[in-house]
Visitor: 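Quick one: this structure, given as structure tokens, is what I'll be asking you about.
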Amino acid sequence: MINKYAHAVDAEIISNKRVGAYHHMVFEVGAMAGQVRPGNFVAISVGGETSAMVLRRAFAIHRSMDRGGSGGVVELVVAPHGGGSKWLTSLEVHRKVNIVGPLGTAFGIPTEPVRALLVGGGYGSAPLFGLAEVLKSRGSRVDMVLGASTAGKIYAPLEGKRAVNSLTITTDDGSAGLHGKVSDFLPDLIAASGTEIIYSCGPMGMLAAISKIAGELDLVHQCAVEEAMACGIGVCMTCVLPLRDTNGTIRMQRSCIEGPVVDGSRVIWDSPRAIPEGTWGAQ
Amino acid sequence: MINKYAHAVDAEIISNKRVGAYHHMVFEVGAMAGQVRPGNFVAISVGGETSAMVLRRAFAIHRSMDRGGSGGVVELVVAPHGGGSKWLTSLEVHRKVNIVGPLGTAFGIPTEPVRALLVGGGYGSAPLFGLAEVLKSRGSRVDMVLGASTAGKIYAPLEGKRAVNSLTITTDDGSAGLHGKVSDFLPDLIAASGTEIIYSCGPMGMLAAISKIAGELDLVHQCAVEEAMACGIGVCMTCVLPLRDTNGTIRMQRSCIEGPVVDGSRVIWDSPRAIPEGTWGAQ
Amino acid sequence: MNFDFTTTLAGTIFPNPIFTASGCAGSGKELIQFFPLTDLGAVVTKSIMLKPRSGRATPRMAETPSGMLNSIGLQGPGIAAFLQDDIPWLKSKGARIVVSIAGESVADYAELARLISGVSGISAVEVNISCPNVESRGQVFSCNPVTAHAAISAVKKNIDPSLPIIAKLSPDVTDITEIADVVINAGADGLALINTLLGMVIDTNSMKPKLAGKTGGLSGPAIRPVAVRAIYQVKARFPQISILGMGGVTNGREAFEMILAGASAVSVGTANFGNPLATMKIKAELQELLIERGFASVAAAVGYAHREED
Amino acid sequence: MNFDFTTTLAGTIFPNPIFTASGCAGSGKELIQFFPLTDLGAVVTKSIMLKPRSGRATPRMAETPSGMLNSIGLQGPGIAAFLQDDIPWLKSKGARIVVSIAGESVADYAELARLISGVSGISAVEVNISCPNVESRGQVFSCNPVTAHAAISAVKKNIDPSLPIIAKLSPDVTDITEIADVVINAGADGLALINTLLGMVIDTNSMKPKLAGKTGGLSGPAIRPVAVRAIYQVKARFPQISILGMGGVTNGREAFEMILAGASAVSVGTANFGNPLATMKIKAELQELLIERGFASVAAAVGYAHREED
Ligand SMILES: Cc1cc2nc3c(=O)[nH]c(=O)nc-3n(C[C@H](O)[C@H](O)[C@H](O)COP(=O)(O)OP(=O)(O)OC[C@H]3O[C@@H](n4cnc5c(N)ncnc54)[C@H](O)[C@@H]3O)c2cc1C
Ligand SMILES: Cc1cc2nc3c(=O)[nH]c(=O)nc-3n(C[C@H](O)[C@H](O)[C@H](O)COP(=O)(O)OP(=O)(O)OC[C@H]3O[C@@H](n4cnc5c(N)ncnc54)[C@H](O)[C@@H]3O)c2cc1C
Ligand SMILES: Cc1cc2nc3c(=O)[nH]c(=O)nc-3n(C[C@H](O)[C@H](O)[C@H](O)COP(=O)(O)O)c2cc1C
Ligand SMILES: Cc1cc2nc3c(=O)[nH]c(=O)nc-3n(C[C@H](O)[C@H](O)[C@H](O)COP(=O)(O)O)c2cc1C
Ligand code: FES
Ligand code: FES
């Protein structure tokens, strides 16, 4: 069944704090918290009852905590960007918002301990910390590299840092960490930590660069893609991207239910927004 | 000049209290407060920045207080009714809303002391208290009668009561004061207090009934009408009602700038929403 | 009071008048996590074409004030896979099924009608004629009386006569009652009003149209006044025809508005995106409102806004 | 940088591209308390007819999601009083004036054109042909190529040849480029796009249409995607024609969107109701945005979304 545990809940905001360019927000979601796996996202109604914004906004789940009974919370990292996210981040604690979740695919977790490299761009780091915790609890080695245009856009909370074996920061403007793009430093990092699997989340350009490197080194690469979504639950067909099947057929697939986490080797990186030649049903 | 003192201000809400079926709300409007005359109204943007409600809502000014410098306030009495008014009454103090005012005509104040009867229906009582104060300060006798369907819909604050010589309450269901409609008791009240002029504000049906009585007794009747308004400033032509000129011609006139306060004898009470026969320019 | 929530549309009885709109409810599989499909009056399936289609490139959507644009380009698996996979699944869940079909030529419509005729468990066919006609420089079938008539005739002549035909019309025409007239003459048993309006958003960063397909279909509450007007106009001219109303319905009051205008049932589209439980909310609110206003049945309220008395 | 905020519309130069839309700024007298009228590119006056008109009964308006319906019915004092009172007043305030005219017959348009020809201080004439033709069962002039052509021809033949004509079109047509074509052939120097869409709201309490006139014109942000599409389509087909864009513009970014689509100037209608200072806000934001995006002039941005490169 699609989105087997998804349901809607009027969730109270129990914390809303600015952290650099983002807001770290905590929502009381009850039982939903226990059903979240790293990589899942939620879809939130924005603008209130008389809002002109008719669509939900998707947010990767940063962390979730099942506190038993009806006391679960999910945490999100939200960038105030346009109308919806600005409205959300402006809300005061105790306000309620309608949340649907957990949605979408999760990062695949190997049954055996592995050496994993987690790569995040901007708020794309959000889902990686929850993933790091799970990987660590299974005995894996977790190295993390986070990149952004500038220091304020690196989201790396203290407790998160503790959960990883190493953390590398890169910024395009050199205002924090290494000066450059995440992908510039990947080959060395992979070599240094003996990476066996890469997990990534961030802008499409970054994911493409990582996928190229992973391909060359023959590493598994699970990435969380981000396409404009109208519904988040698979009913509208707006969020598609061309994905290669196991037998090589390319089909336009919904990133909300086939993703957001997909195997990097399935994505047609040179034209993720076009209809590649040979796509099933192309006119 | 039309609406000579009108301007827009981002006004902070400094108080918002439920009183019966209404909310009494106080806004910090600065210099605007000093320009208000009883009968004027304000137009408020509703729903916030991403609102689907594109039109302002009009509210009669209950009272205004010029505290010198930039410290003026206006008070409103708002009934949570539909989307706009519910949004407004739900706001917490310190929130700002955009207010345009003061708008529209004011109640005419005789230069000499008079015996005035003020008649309000529902939240229509709101502008009458400010009027009562002005009349009293000019040495007039002020009797007031307020009617509503039920007790909770009578708006009559304590300080207001002190400003009048007599206050009569009527309710359709008898839950407070006299049992019946305002108009049932008017002839007796007029006779008892020697009324020379009637001021009124409330639903059209009530205003019509008062106007009939005023006409029979040949009393001046100034009433504040309420038509659906899209702009409140005279540019849209949606708020019209047929009004008789001094020479008897009926024209469709804007209630927002020719009103809300108009002479009751000018209104075509049997068809305020139609185009009466003989109206100037009728097809 | 004995309230009757069933509705008759194009001669077929449905247990309640709230349907999902074509293209706005996936294959049904995506919503079943949120509510049983049997709670819907019917599922209207995404318009299906003869062959598999990839649809358009992305971006395929843009949010607009109280609405959205979409340009999906009729992505779908084609009629063969649809009849083999989707229909049996929907039947197994007990859903009432209205199959929406779309063609690129008159011959396509005829062929689709033939292929559907043999299939059991379908309540009605919605014929989406708001799609481009490749034989006529891409002009939309329903934007021209001649092609609108041809498409519906082709379906009528080739379909199992027991299957009611609902013609879905575009509002992007000078006079929708004229198109209604020709499709009724061509054999439509009911009308679906309205499809999306043609719109465009320009991205002020890239300074180009935001959608890959440049233009897209405008849906959502923004277009509801246009939908209500279209339903009212068509009902006024053709009081006997069944109308499936749609366009921006998000709550029971708005569904009631469409019924008062003349709709016998109401499809919910864009509202599903904002709330997966929208149909269930609308249905509950509508029932309450109909009872509150003293209607003993849906039928009694259909077109009630047209009465001349009081 | 030397930024040029002037714009040329139908051969006439205006100091900036932000106008008030016809019927949405009263006579100008109502707004002057809020800003000097000289700060506008131009005031487009409320459509004036030959004779005084009472307009329709109330209710004349209904708010809708991100929009509103109006049914004013062209209330106004008639051309004689208008030329005697309104024009001199606007001139005395230094406003650029675009006079909007509306007729019930082709002869009306001819007569209005003659009456305006002698008047000095008018920058252009906007011909509102989105109104009912009494000689043709009330069908709207601009919804029929024949009557659209006749109305614009009548104006062209009777007007002072130095006065540019801007034909204002209704979006309620199957193909707006077809109507654009005929009015350009009839002599229009520019096009105003778009007038309101026909809509209806039913009051669920009275269970009747909310407006006294039953249907009304839909305006505001809800219709902006339809307006942008219409402007883009017409500009694509007739790159040389000047377009005065309008429909739901409330801020500078949205005015920029219309300019990118092909508008040389932008009229602001419904936004004035929500904010009397809307035009001034839009103007300031638009200027900032044009400079930020590196345009040296308004002209350089007009239709920029049509470029094929990058
Ligand atoms: C799977 C997924 C996970 C996401 N996780 C996060 C997160 O953890 N933190 C965060 O801040 N944001 C996240 N986003 C982006 C978020 O959903 C919003 O798109 C973003 O906040 C902008 O919305 P807005 O209303 O502020 O902007 P607007 O520009 O007003 O949005 C208008 C419309 O465009 C869409 N849109 C705009 N930008 C994007 C984008 N970059 N990607 C997809 N759709 C877009 C919006 O969803 C909306 O429908 C995620 C998106 C997806 C699809
Ligand atoms: C001159 C004037 C003075 C007013 N004074 C007050 C006051 O002191 N206190 C108060 O609570 N309300 C007052 N109102 C009514 C107020 O403006 C709103 O109409 C009312 O609050 C309903 O708006 P809404 O958004 O809640 O309802 P909605 O039903 O969502 O409103 C939708 C639209 O209909 C219009 N509308 C709805 N009901 C009315 C009505 N009764 N009269 C006029 N327009 C209406 C609204 O303005 C809005 O444009 C006044 C109206 C006018 C014209
Ligand atoms: C994403 C999306 C996809 C759609 N796909 C179809 C379709 O395949 N066939 C069809 O007839 N209508 C389609 N429509 C139109 C809807 O069925 C409906 O007529 C329209 O959106 C108006 O209703 P709404 O405002 O409730 O969405 C689609 C609409 C949307 C938003
Ligand atoms: C209340 C109102 C009155 C209008 N009157 C006229 C008119 O007299 N003549 C005309 O050509 N357009 C008239 N219009 C249409 C506007 O000029 C404009 O084309 C339309 O409203 C779209 O722009 P907007 O969304 O910015 O309002 C009117 C619109 C409204 C809302
Ligand atoms: S967002 Fe609707 S199908 Fe993916
Ligand atoms: S409310 Fe617009 S003219 Fe009166």
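So you know, we letter chains A, B, ... as the sequences are listed, proteins then strands, and number each from 1.
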Visitor: On a heavy-atom basis, which atom in Lys208(C) and which in Arg307(D) lie closest, and how many Å separate them?
Guide: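 Closest approach of Lys208(C) to Arg307(D), heavy atoms only: NZ-O, 3.2 Å.
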Visitor: What part of Thr215(D) lies closer than 4.5 angstrom to a heavy atom of chain C: side chain, backbone, both or neither?
Guide: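 For Thr215(D), the side chain is the part near chain C, not the backbone.
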Visitor: Starting at OG1 of Thr174(D), measure out to CG of Leu198(C) and round the result to the nearest 0.5 Å.
Guide: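 Nearest 0.5 Å value for the OG1-CG distance: 12.0 Å.
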Visitor: Which of residues 61-69 of chain D get closer than 4.5 angstrom to chain C, counting heavy atoms alone?
Guide: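 Result: Thr64(D), Pro65(D), Ser66(D), Leu69(D).
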Visitor: Quick one: which residues of residues 267-274 of chain C reach chain D at under 4.5 angstrom, heavy atoms only?
Guide: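 Checking residues 267-274 of chain C against chain D gives no residue, so none.
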Visitor: Heavy-atom pairs under 4.5 Å with chain D: which of Lys214(C), His306(C), Glu254(C), Gln139(C) has the most?
Guide: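 The answer is Lys214(C).
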Visitor: Report which part of Gln233(D) has an atom under 4.5 Å of a heavy atom belonging to chain C: side chain, backbone, both, or neither.
Guide: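 When you check distances to chain C, only side chain atoms of Gln233(D) fall under 4.5 Å.
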Visitor: Filter on side-chain hydrogen bond (donor to acceptor under 3.5 Å, both in side chains), then keep only pairs touching residues 287-302 of chain C, sequence neighbours left out; what's left?
Guide: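 For residues 287-302 of chain C, and leaving out neighbouring residues, the side-chain hydrogen bond (donor to acceptor under 3.5 Å, both in side chains) pairs sorted by first residue read Arg293(C)-Asn205(D).
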Visitor: Tell me, for Leu197(D) versus chain C, whether the close heavy atoms (under 4.5 Å) come from the side chain, the backbone, both or neither.
Guide: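 Just its side chain gets close to chain C.
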Visitor: Out of Leu260(D), Val140(D), Ile231(D), return the one with the most heavy atom pairs under 4.5 angstrom to chain C.
Guide: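 Most heavy-atom pairs within the cutoff with chain C belong to Leu260(D).
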Visitor: Can you name the residues of residues 216-226 of chain D that have some heavy atom under 4.5 Å away from a heavy atom in chain C?
Guide: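 Listed by number: Leu218(D), Pro221(D), Ala222(D), Arg224(D), Pro225(D), Val226(D).
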Visitor: Write down the atom of Glu257(D), the atom of Met200(C), and the distance for their closest heavy-atom approach.
Guide: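 Minimum heavy-atom contact is OE2-O, 4.1 Å.
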Visitor: Could you grab the distance from atom CZ of Arg253(D) to atom CD1 of Ile202(C), nearest 0.5 Å is fine?
Guide: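 It is 11.5 Å, given to the nearest 0.5 Å.
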Visitor: Could you tell me which of Thr204(D), Asn144(D), Asp172(D), Val228(D) has the largest number of non-hydrogen atom pairs under 4.5 Å with chain C?
Guide: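 Winner by heavy-atom pair count: Thr204(D).
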